[in-house]
Amino acid sequence: MKLEAKLTALLLALSEDLNQEAFVADSDGRYSLSFDDVSVEFYLSHDWLIIESDLNCDLSQGLNYQQENALEKVMQQALVNVRSHASVLAINEMKRLTLVQRASADVLPATFITMVNHQVDIAERYQALMQQHTLASSGHNRVWLP
């Protein structure tokens with residue numbers, strides 16, 4: 001079976017598990033989905049299945065102190081998770097922090113669905129950590145001094 005057909009079959013199994021219509025790939029053969037505010041992209045690269053999630057952290061303009069602190073906390077958590085999960089932190093070609101997982105394209109559908117669940121769970125955890133340790137630069141953060 002061709003690799004593209006294997007990826008299509010895995011995404012079909014995922015859509016059936018979620019009781020959704022079949023997912024459709026874009027012109028590059030990539031599938032872009034969103035689960036509870038976590039974007040997940042599926043694609044093939046050099047005979048590997050890649051699952052990638054954007055963690056909503058743009059590194060192209062540098063980071064302020066709070067963002068650096070938040071990134072440090074996420075990296076510490078990633079080191080804790082590295083032994084139990086196949087996901088790793090990476091910076092994509094657009095200089096955005098991502099969570100990436102690779103697997104053999106021959107992965108079983110049930111294993112694939114479990115991988116996707118773990119990917120979304122971990123991405124949600126990392127995004128929450130980033131938000132928790134980053135002060136938003138908005139008018140909502142006011143300090144009252146007596």
Side-chain angles (χ1 to χ4, degrees), residues 1-138 140-141:
M1 180 184 279
K2 287 178 40 179
L3 289 177
E4 292 81 12
K6 290 179 183 180
L7 179 58
T8 301
L10 291 171
L11 269 293
L12 182 60
L14 179 62
S15 68
E16 289 172 357
D17 186 67
L18 296 171
N19 294 320
Q20 298 291 316
E21 295 289 323
F23 301 122
V24 179
D26 66 12
S27 60
D28 295 327
R30 292 177 178 232
Y31 292 82
S32 297
L33 307 176
S34 182
F35 302 93
D36 299 329
D37 295 328
V38 174
S39 65
V40 183
E41 189 170 15
F42 305 89
Y43 59 94
L44 295 168
S45 179
H46 305 287
D47 299 335
W48 290 98
L49 165 63
I50 308 296
I51 304 172
E52 183 175 334
S53 297
D54 186 341
L55 296 178
N56 298 325
C57 181
D58 185 4
L59 302 172
S60 64
Q61 302 296 319
L63 301 174
N64 63 33
Y65 173 76
Q66 289 86 12
Q67 290 168 322
E68 285 180 6
N69 185 38
L71 181 58
E72 181 181 345
K73 298 294 182 191
V74 169
M75 291 173 72
Q76 288 171 348
Q77 186 62 47
L79 286 173
V80 171
N81 289 341
V82 77
R83 290 189 181 172
S84 59
H85 300 289
S87 300
V88 295
L89 292 174
I91 300 171
N92 68 10
E93 62 276 354
M94 295 178 291
K95 299 201 185 296
R96 295 186 61 80
L97 185 65
T98 61
L99 183 65
V100 181
Q101 186 174 179
R102 77 174 188 178
S104 167
D106 294 327
V107 66
L108 295 174
T111 304
F112 173 72
I113 291 168
T114 301
M115 290 170 61
V116 173
N117 287 333
H118 286 298
Q119 179 85 2
V120 172
D121 289 345
I122 294 169
E124 284 178 334
R125 220 174 311 143
Y126 290 172
Q127 286 176 339
L129 241 128
M130 290 287 286
Q131 289 175 350
Q132 179 183 359
H133 292 281
T134 302
L135 294 176
S137 58
S138 70
H140 299 297
N141 295 325

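- Atom CG of L49 is separated from atom CZ of R102 by 11.0 Å, given to the nearest 0.5 angstrom.
- Taking the side-chain contact (heavy atoms from CB on, under 4.5 Å) definition, one finds that E68 meets it with L63, sequence neighbours left out.
- A distance of 8.5 Å separates CD1 in I50 from CG in L44, rounded to the nearest 0.5 Å.
- Here D17 pairs with nothing under the side-chain hydrogen bond (donor to acceptor under 3.5 Å, both in side chains) rule; sequence neighbours left out.
- Every residue two or more places apart in sequence or in another chain that forms a side-chain hydrogen bond (donor to acceptor under 3.5 Å, both in side chains) with N81 is listed here: Q77, Y126.
- A ring-ring contact (aromatic ring centres under 6.0 Å, His included) check over residues 34-58, counting only residues at least two apart or in different chains, returns the pairs F42-F112.
- Pairs passing the ring-ring contact (aromatic ring centres under 6.0 Å, His included) check and including a residue from residues 61-97, sequence neighbours excluded, read H85-H118.
- Legend: residues meeting side-chain contact (heavy atoms from CB on, under 4.5 Å) with Q127, ordered by chain and number and at least two apart, are V38, L55, N56.
- Around atom CG of D37, no more than 12 heavy atoms belonging to other residues, nucleotides or ligands sit under 6.0 Å away.
- Listed by chain and number, the residues in a side-chain contact (heavy atoms from CB on, under 4.5 Å) with T98 are E52, A90, N92, V100 (sequence neighbours excluded).
- Partners of D58 under the salt bridge (Lys or Arg N to Asp or Glu O under 4.0 Å) rule, at least two apart in sequence or in another chain, do not exist in this structure.
- Under the side-chain contact (heavy atoms from CB on, under 4.5 Å) criterion, L12 pairs with S15, E16, A22, not counting sequence neighbours.
- Scanning for salt bridge (Lys or Arg N to Asp or Glu O under 4.0 Å) contacts around R125 gives an empty result, with sequence neighbours left out.
- A donor-acceptor pair is defined here as one N or O able to donate and one able to accept, closer than 3.5 Å; no such pair exists between the side chain of E124 and the backbone of D121.
- Under the rule for a salt bridge (Lys or Arg N to Asp or Glu O under 4.0 Å), the partners of R30 that lie at least two apart in sequence or sit in another chain are E41.
- S87 meets the side-chain hydrogen bond (donor to acceptor under 3.5 Å, both in side chains) test with Q101, Q119; sequence neighbours excluded.
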